[in-house]
Structures are given as structure tokens and as C-alpha cells.
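Structure first, commentary second.
Everything numeric here is computed off the predicted structure, so don't read it as measured data. Counting convention: from 1, in listed order, for ligands and their atoms alike. Positions are given from 1, in the same order as the sequence printed here.
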Amino acid sequence: MSSMLNALIIGAGEINFGSVEGPWNHTVRLERILGPRLRVVGLIDIDEARAKTALASKLDAQATHAAWVDCQLFRTVADAVLALTQEKTPQIAVVGVPPFARGTDVPGRDLEQQLVSAFPGCALFVEKPVSSGPEDACWRVAKVLQESRTIVGVGYMLRYLKAVQMIKKIITENKLVVMGTNARYVMAYEYARKPHWWDKTRSGGPIVEQATHFCDLSRYFGGDVRLPSVVAHSVQHNESPGQLSAKRFDEDAIPAENRLPRLTSATWKYEHGAVGSLTHVIALHGTTYDTEFEVYADGYHFKLVDPYSIPKLYIRRPGLAELETHTFTEDDPFHTELATFIDVVDGRRPSSDILSSYEDAVKTYELTWAIRRASEQSAVGYT
Ligand SMILES: NC(=O)c1ccc[n+]([C@@H]2O[C@H](COP(=O)([O-])OP(=O)(O)OC[C@H]3O[C@@H](n4cnc5c(N)ncnc54)[C@H](O)[C@@H]3O)[C@@H](O)[C@H]2O)c1
């Protein structure tokens, strides 16, 4: 067995400890990947009660007790650095707190920089989006991470899907040039009840917070985007097509100017000439989302359906009238992204195997803001 791996968990919330809303749960993945190697040395959360509950559930279970028995609770990185002995220095930190706490160099919103100075050499796994602050501040953080040679992975897990990698492989093997990408994300909103999610000043809005995964996938295939080329339109909350009948929270409590658009439709040019498009809609009732992502190239059409649950990939190739269909059961991109990150930390794989670097994730963040701004500018005069 290889040596123990010290892990610091930041955030006692849903991404790290699970949720009824989705399959994410980074600590369960770490337990599965590392088994007896995992030693969680600390859990940092400003909400002490939440952190206590999260730790108690791990200590209560026989299967996870050993990995968590040394875990200390902290409110801040500064508290952790004072308390953790040399032997408990973290080798990885999983940063699963809301984006307002990170991705900038503003004190209090600078978790990455705090971690780099407190624990040099500690690898960081950071959730998406990289921040909710200004994009130029994210670039300064990217520089600090690069100069400190910190290993960083960002949680754009869809890149690790087997279906996504199959598209990549076919594109590479056939030397295809991507002509366009088309992303469609239709959200089921009936049970989305967290008021802060419906306030774009707090969540970032549906493109920056949610469609970010599809913007990232678009960039993964289309490459860098010419940001000034982004055009977008929206249906706003106060327009007649934007009336929603199945809301289960009090939207009136949110200032009108902060409420979410119901539909955002955007197009852009990639640097190499291809065209990207995205439609994000808050429209469906119930709980099932409707998500599709397409890539076009000469002779080829790839259509990825339902990447968040059981992904299906439809491929049309030259010379074949029939669609090829691949269904990917048992594919867990959350597991693959963390397993890859740990392999890189352990030196078993090169850092280029991390599919979402910090710099790249900042570019996705820039694209999402460009879409949000373009849609807000074009809405003026209609609402
Ligand atoms: N990749 C995915 O599919 C996916 C899924 C869910 C969440 N996320 C991302 O994970 C991040 C966290 O989301 P969540 O759902 O876990 O949120 P959450 O609200 O459930 O939990 C966040 C926790 O962070 C704590 N916190 C806030 N500021 C802090 C600070 N400065 N220092 C320490 N702790 C702090 C809060 O007290 C809370 O317990 C978000 O960026 C979200 O977009 C990603």
C-alpha cells in the first residue's frame, strides 16, 4: 500500500458531502479512490454547526471512521495553519465553497491564495465557477497558482465523461476541424427552491452558475472564444413568455433587477473560425432536465444527450446513413476527475491529464460573463 494522503476539505456543503439534488459528493469519491490511504486532517467551514454534523456522520459510519478520525474542524485557513502539525500538512485541498469566497485577490475572497501561502506544495481541487468576482482578479490568481507551481484541477467534470472522450478521440484520429458546437440546457425549475439561486447578484445567474458546464464543454471542443463576438438575447422574468407557473419559492422577495432571465440564447465565433451556440432555459416542471450538446465537423455530427445522468452519444459518420448509438451506464465523471487529480498528485500521471486547468477555467468564466452581459445589454428596451 502506498503512503497516507493528507486531505483538507473546505466547505461542509453539498458538493463535498452530497445532496438529494444530484450525484455530487467529493468526500465519498475520495474515500472510494484512496481507501485506507485517506486521512482527512481538517474540515474548514464558517458554519461550525454544519461542519460538526458533516464530520459526525463520517465518524458514525464504520466504513469511513478511520479516514476521518484525525479530522479537526476550523473556521478559516489561518486557524488550520496554526493547528496542523508538520505530520498533518495537507497534500490536497478540496475547495467546495461558493464562488464568492474564492478566485480573487481581495482579502476574504481569496481562498486559493490563502491556501498557497499556508500550505505550499498542497494541490488544489477547486469547484466551478472559479469565482463570482471580476475576471481580471481571476487572472491574477491564475498567475499566483502558476508561479507557485501548484497542481490545480477545476471541477468541470463533464470533460471526463467517456462519451466526451469518445468524441475527442474520433476528432483527433480523423484530424477533424470542428465547425460548430451547439449546447442546449433546459432546466426543470419546480423544485429549485433556494432563493439565493434565483438572485443573480448572489448566484451569478443561470449562465455563470449553471450553463457554465456547457460553456466549458463548448470551449473544450471549439477552443478559445473571440469574446467580443458574443451576441445574446433573453426572455426576462417580466416579459409575458417569461411567466413561470410552478415556482415553489417567493420570487417577489428578490429585487426585480436581480431576478433571473428565463431563456438565454447566445452565439459566438471561436478563434479558429467555428461558431458556438448556447440555449439555456428555465422552463420545465418536475425534476428531469433536458440537456443536449452537439459538435459538427465535415462529415460528422456528434450528439450527446443527457450527460448528467446516463449519457447517450449519437454519431453520424461519412458513408453511414444510420446513426451510431452509444449508451454509457456506470460512468461517474466525478470519480474520474478526482481519480485523475490524485494520480497527478501521486506522480503516476502527467499534469496535462488534468482536463480542466485553472487558466482554462478562467476562460470559461470569461465566456459566461460575456454571454450574461450581452444578454443584459440586448434586453434593454424590451423590458
Ligand atoms: N460540479 C458540480 O456539478 C457542482 C455541483 C454542486 C455544487 N458545485 C459547486 O460547488 C460550490 C459549493 O456549492 P455547494 O452546493 O456545496 O454549496 P453549499 O451552500 O451547500 O455549501 C457551501 C459551504 O461553504 C461554506 N462557506 C461559505 N463561505 C466560506 C468560507 N469563506 N470559508 C469556509 N467555508 C465557507 C458554507 O458555510 C457552506 O457550508 C459552488 O461553487 C457550486 O457551484 C458544483
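Legend: residues meeting side chain to side chain contact (heavy atoms under 4.5 Å, CB included) with Thr201, ordered by chain and number and at least two apart, are Asp199, Asn258.
Considering backbone and side-chain atoms together, Asp45 places an N or O closer than 3.5 Å to an N or O of ligand 1. Residue-to-ligand polar distances keep Lys194 apart from ligand 1: every N/O pair is separated by 3.5 Å or more. Taking distance alone, with nitrogen or oxygen atoms compared against 3.5 Å, Ala101 stays at or beyond that limit from ligand 1. Looking at ligand 1, you won't find any N or O of Trp24 less than 3.5 Å from one of its N or O atoms.
Remark: ligand 1 atoms within the under-4.0 Å shell around heavy atoms of Met157 are 1 (N), 3 (O).
Annotation: side chain to side chain donor-acceptor pair (under 3.5 Å) contacts involving residues 123-142, sequence neighbours excluded, comprise His26-Glu127, Asp105-Arg140, Arg109-Ser132, Glu135-Arg373, Trp139-Glu366.
Contact annotation: for Arg102 versus ligand 1, heavy atoms closer than 4.0 Å belong to the side chain alone. For Phe334, every heavy-atom contact with ligand 1 shorter than 4.0 Å involves the side chain, none the backbone.
Judged by the 6.0 Å distance and 45° axis criteria, Lys168 is positioned over the aromatic ring of Tyr220.
Residue contact annotation: Arg109 has no non-hydrogen atom under 4.0 Å from ligand 1.
Two rings, from Trp197 and Tyr191, have their centers 6.0 Å or more apart.
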